[in-house]
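Report on the following structure.
Note that these values count all heavy atoms, side chains included, but never hydrogens, waters or copies made by symmetry. Letters go in sequence order (proteins before strands), and every chain restarts at 1.
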Number of protein chains: 2
Amino acid sequence: MTATHRQANGAHKAAIRQENEHLILAAAERVFADYGFKGATTARIAEIADVPKANVHYYFSTKEMLYRRIMEDVCSHWLDAAMTFDNSANPAEVLRGYIEAKMDLSRARPHGSRIWAHEIIRGAKFSSDYISTTVKSWLDSRVVVLNRWISEGKMDAVEPYSLMYMIFATTQHYADFARQIEIFNNDAPLSDAQFAEAKENVVRIILKGVGLS
Amino acid sequence: MTATHRQANGAHKAAIRQENEHLILAAAERVFADYGFKGATTARIAEIADVPKANVHYYFSTKEMLYRRIMEDVCSHWLDAAMTFDNSANPAEVLRGYIEAKMDLSRARPHGSRIWAHEIIRGAKFSSDYISTTVKSWLDSRVVVLNRWISEGKMDAVEPYSLMYMIFATTQHYADFARQIEIFNNDAPLSDAQFAEAKENVVRIILKGVGLS
DNA sequence: TTTTAACCTGACCAAACGGTCAAGATAAAT
DNA sequence: ATTTATCTTGACCGTTTGGTCAGGTTAAAA
């Protein structure tokens, strides 16, 4: 390979690194989603990523570091996509937009939701700090908005945390319990049309349930 | 020990067996709830049950058999307590009773709910038969009832499966995500009063959401 | 009292586990 | 052309894993 074929400034090496890290992270996301931290094995991650196990440890020194990286990726993605709780518009539109965004995220990235579920069920050993700071701040600020809407008589006087938990639970159920839903749906994954109907139903029931329709 | 001190007909041996099986099952429920099937270890189960590891294998030949037994226990308990979907009364009372029963079960036996969550997230490898037969039959029969109520104009024309999934998700969230709720509640578990308020909120929002209040 | 059947467990095993390492391959810099 | 830094990987290591087993204890039956 001559100099003219090479990319400038070591771009090839960087590309290799990016490619392999991406392969390993994608495989790890699947394996951690299926088995949780303890149940996942680096051998299985390597197998799915189609790289030797030693290569997994070359890019990510330990299983815990790989797990933490995955958690960070999942969280940042969620902060971007699922925390678009714009409080400038009217309550019904805001809640509808938020619920739809969370439903879409469950559909598009179910692995992230499942990793989160594993992590919380086990007791949030790795993420309790993150939850008690970043996530709690975000949630509390939304509760303030909800309470303002309630005091302005724009919606029913529901307990805001219960409402938020209901939205968390219902939307994430379509990712975490997708296999159960699939079985109930005669062993077929929900079609796009079925999922759209489910999404609309969730929005309708919750909006009406808090007096916003 | 004389004959008069002994219990009749080998009752003592049977009692020993029952006692130890119970100890091991209780410990296994906790460990499987925390780590799922793959992540759980028989050594940890033995440690929590306070019996030698070899004794765990004396009463339950393999980890898989112990897990299946736990799943059966969890399911039968749920069938008893959480499937009391009496369709003779009026819709609002029936739904309220069902939601309250599921919330109470999440509060009283969170481990069972978490084991179920692990099992489904992983793809229901051990339980897909049970879900596609017993549970699906139960669910489909309740959907028939909901559809009848809808056609009789007693409640809104919601998609019944979406509604049932919402109830599953929201009620089980209080077991599966108890740790997250605890952190949001300033690192304190929900008090009985807080839980009662949450339960009432869930009932109110769903009943109103489907036109039953 | 003797026999029998069930219970108990420390010690052990092969397999799987997370992680290491030396030695080679590749490509960028000199 | 040579050096240097990064990438690659089979082989390996100490530990943990699910599971076994021989030999013991206990209590019911004969």
Are any of the side-chain nitrogens in [X] or [Y] under 4.0 Å away from the carboxylate oxygens of its partner?
X        : Y        : result
B:Arg204 : B:Glu197 : no
A:Glu119 : A:Lys125 : no
A:Glu72  : A:Arg68  : no
A:Arg30  : A:Asp34  : no

Rounded to whole angstrom units, what separation is found between the [atom1] atom of [X] and the [atom2] atom of [N]?
X       : N      : atom1 : atom2 : result
A:Tyr35 : C:dA16 : OH    : P     : 14 Å
B:Tyr58 : D:dG18 : OH    : P     : 21 Å
B:Glu47 : C:dT9  : CD    : C1'   : 17 Å
B:Asp50 : C:dC8  : CG    : C1'   : 14 Å
A:Ile16 : D:dA5  : CD1   : P     : 18 Å
A:Arg17 : C:dA27 : CZ    : C1'   : 15 Å
A:Ile24 : D:dT8  : CD1   : P     : 9 Å
A:Lys53 : C:dT20 : NZ    : P     : 11 Å

- Any residue meeting side chain to side chain contact (heavy atoms under 4.5 Å, CB included) with A:Arg44, in chain and number order, not counting sequence neighbours: A:Val31, A:Thr41, A:Glu47, A:Ile48
From the set [options], return the single nucleotide nearest to any side-chain atom of [X].
X       : options               : value
A:Asn55 : D:dT17, C:dG18, D:dT9 : D:dT9
A:Lys38 : D:dT17, C:dT20, C:dA6 : D:dT17
A:Pro52 : D:dT9, D:dG18, D:dC7  : D:dT9

- Task: Would you please confirm or rule out a distance under 4.0 Å between OP1 or OP2 of D:dT8 and any side-chain N or O of A:Tyr59?
- Result: yes
- Scan B:Ala40 against the nucleic acid and name what it touches under 4.0 Å (heavy atoms): base, sugar-phosphate only, or nothing. sugar-phosphate
- Look at the aromatic rings of B:Phe184 and A:Phe168 and report parallel, tilted or perpendicular, splitting at 30° and 60°. tilted
- Let me know, please, whether A:Ala54 or A:Arg44 comes out on the 5' side of the other along DNA chain C by nearest nucleotide. A:Arg44
- Message: Measuring centre to centre across the rings, with the benzene-like ring taken for any Trp, is B:Trp138 within less than 6.0 Å of B:Tyr98?
- Response: yes
- Expected list for residues 60-68 of chain A near DNA chain C, using heavy atoms below 4.0 Å, is A:Thr62, A:Lys63
